[in-house]
Each structure stands twice: as C-alpha cells, then as structure tokens.
Amino acid sequence: MAMAMRLSAIARAATEMAAAPVGLRRLFCSNATNFSFLSPQANSETPARPQADPSTNLFVSGLSKRTTSEGLRTAFAQFGEVADAKVVTDRVSGYSKGFGFVRYATLEDSAKGIAGMDGKFLDGWVIFAEYARPREPYRPQNNMPPSPYGNRY
DNA sequence: ACTGAGCGG
C-alpha cells in the first residue's frame, strides 16, 4: 500500500506535468510531454494546447547567446532545406535573446528539423525546437511614420 | 554585464 501511494504520487506528478505551462515542460523536451495515458481526460480538458499547429516555421529556444543565425541555419540544414534562420537579438545591445526562428521550405522538412534538433546540443546548450505560433501582426509601437530604412510589410 | 523563460520588427 505504500507502493500504491508512491504510484499515485507519481501519476499525480505526471498529470501536473502534462498540464504545466511550457516553461515547466521545458525541463524535458517537447518530445516527451505526452502523458495522456495517465490522464485520459486531459485531451478534452486541456483548454488551449500550448503546442502550435504544424508549420514550416520553427521556434527554437534554449540557444547559447553565442549562437548566430548562420550557426542556427547550419545546424538545422542537416535535416532539410532551410529558407530562413534568424537568432533574435536585442535591438540596442545587439546580443542574442537566446531564441530564434528557422523556416524550412516544406512541412516535411520542418518535421524532420524538429525530430533532428529538439533536445539536442548546439554550442553547448540543449535547445528546443517546436512549431512556431503564427507571427504577431505588425503594428508600429508609437505613431512614428514608416521607416525609410525598409519596411518589409 | 550578469540574466536561461520566452514567440521576432
């Protein structure tokens, strides 16, 4: 019965993990976050699943701050055709924010990119690759006129 | 400048 209590504690912990926000699930990698076999109702009960729908665009987090867009592209290009790769940097300091985006040419490639890179090491850090959520709609922060240096939209 | 969760300009 002590055993039964231990097992239920484990099941409870696993259930909490499955319902935990992305930040906590990051302790593992996104490949190992499906614990629905321990909480069958979690599927219909989970309000908004944190995972985004499949996309050619990947959100990559956990990056070393020394990883560049070029390094990101090189790593992910092993698994498919990379159309674009970008490490997000602070605009004033120029330093990496530790995450970035990789856009593949096809959905097949982006799936292979996740399988190949999620939970792997890059420049000494375990990185996480997942489908990116749809990009934020563009809106100028102030009421500044459009920049002459190139608005891409 | 360090920052270790996060979804970009």
Side-chain angles (χ1 to χ4, degrees), chain A residues 10 12-36 38-39 42-153:
Chain A
I10 292 171
R12 200 181 323 120
T15 301
E16 289 168 2
M17 279 163 44
V22 177
L24 292 179
R25 289 188 292 102
R26 279 174 41 85
L27 289 173
F28 312 87
C29 71
S30 59
N31 285 335
T33 53
N34 189 356
F35 295 96
S36 58
L38 287 173
S39 51
N43 287 331
S44 56
E45 206 172 300
T46 304
R49 67 186 179 295
Q51 264 84 17
D53 293 332
S55 160
T56 56
N57 198 31
L58 301 186
F59 173 65
V60 184
S61 58
L63 294 175
S64 164
K65 295 194 175 178
R66 306 189 323 194
T67 297
T68 63
S69 295
E70 292 71 28
L72 193 63
R73 167 185 285 272
T74 301
F76 279 76
Q78 304 173 96
F79 304 98
E81 181 186 342
V82 175
D84 187 55
K86 179 175 163 208
V87 169
V88 174
T89 56
D90 184 82
R91 276 184 70 180
V92 301
S93 73
Y95 288 127
S96 166
K97 290 186 172 180
F99 65 89
F101 296 89
V102 174
R103 183 174 291 282
Y104 278 100
T106 67
L107 284 171
E108 290 77 14
D109 285 355
S110 66
K112 288 192 287 185
I114 291 179
M117 289 303 296
D118 184 44
K120 300 298 171 58
F121 279 88
L122 180 58
D123 293 332
W125 286 74
V126 176
I127 70 169
F128 300 88
E130 60 193 298
Y131 293 120
R133 303 203 285 263
R135 188 156 77 265
E136 248 181 33
Y138 166 75
R139 46 171 158 272
Q141 46 272 64
N142 315 332
N143 42 11
M144 299 293 287
S147 166
Y149 298 105
N151 266 322
R152 290 175 299 169
Y153 301 90

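To find a chain, count down the sequence lines: A is the first, B the second, and so on, and within it residues start at 1.
- Taking atom CZ of residue A:Phe59 and atom P of nucleotide B:dC7, one finds them 6 Å apart after rounding to whole Å.
- When each of A:Tyr131 and A:Trp125 is assigned the nucleotide of DNA chain B bearing its nearest heavy atom, the one mapping closer to the 5' terminus is A:Trp125.
- Stacking here means ring centres nearer than 5.5 Å and ring planes tilted less than 30 degrees, and by that measure A:Phe99 does not stack onto B:dG6.
- Looking only at distances, a side-chain donor or acceptor of A:Ser110 sits under 3.5 Å from a matching main-chain atom of A:Ser55.
- For the pair A:Arg66 CZ and B:dA1 P, the interatomic distance rounds to 17 Å; values are reported in whole Å.
- The listed nucleotides are B:dG8, B:dC7, B:dG4; the one nearest the side chain of A:Glu130 is B:dC7.
- Closest contact between the side chain of A:Lys86 and the listed nucleotides B:dG6, B:dG4, B:dG8 involves B:dG8.
- One atom, CG of A:Leu63, and another, P of B:dG6, lie 15 Å apart when rounded to the nearest Å.
- Evaluation of the ring-ring contact (aromatic ring centres under 6.0 Å, His included) rule for A:Tyr131 yields no partner, not counting sequence neighbours.
- A:Phe101 pairs by the ring-ring contact (aromatic ring centres under 6.0 Å, His included) definition with A:Phe59, not counting sequence neighbours.
- Remark: the A:Asp90 side chain and the B:dG8 base include no donor-acceptor N/O pair separated by less than 3.5 Å.
- Look at NZ on A:Lys97: it is 14 Å from C1' on B:dG4, rounded to the nearest Å.
- We find that OH of A:Tyr95 is positioned 25 Å from P of B:dG6, with the value rounded to whole Å.
- For the atom pair A:Arg135 CZ and A:Asn57 CG, the distance stands at 7.5 Å (nearest 0.5 Å).
- A straight line from CG of A:Leu58 to C1' of B:dG8 spans 14 Å, rounded to a whole angstrom.
- For A:Ser61, the listed nucleotide lying nearest its side chain is B:dG6; candidates were B:dT3, B:dG6, B:dG8.
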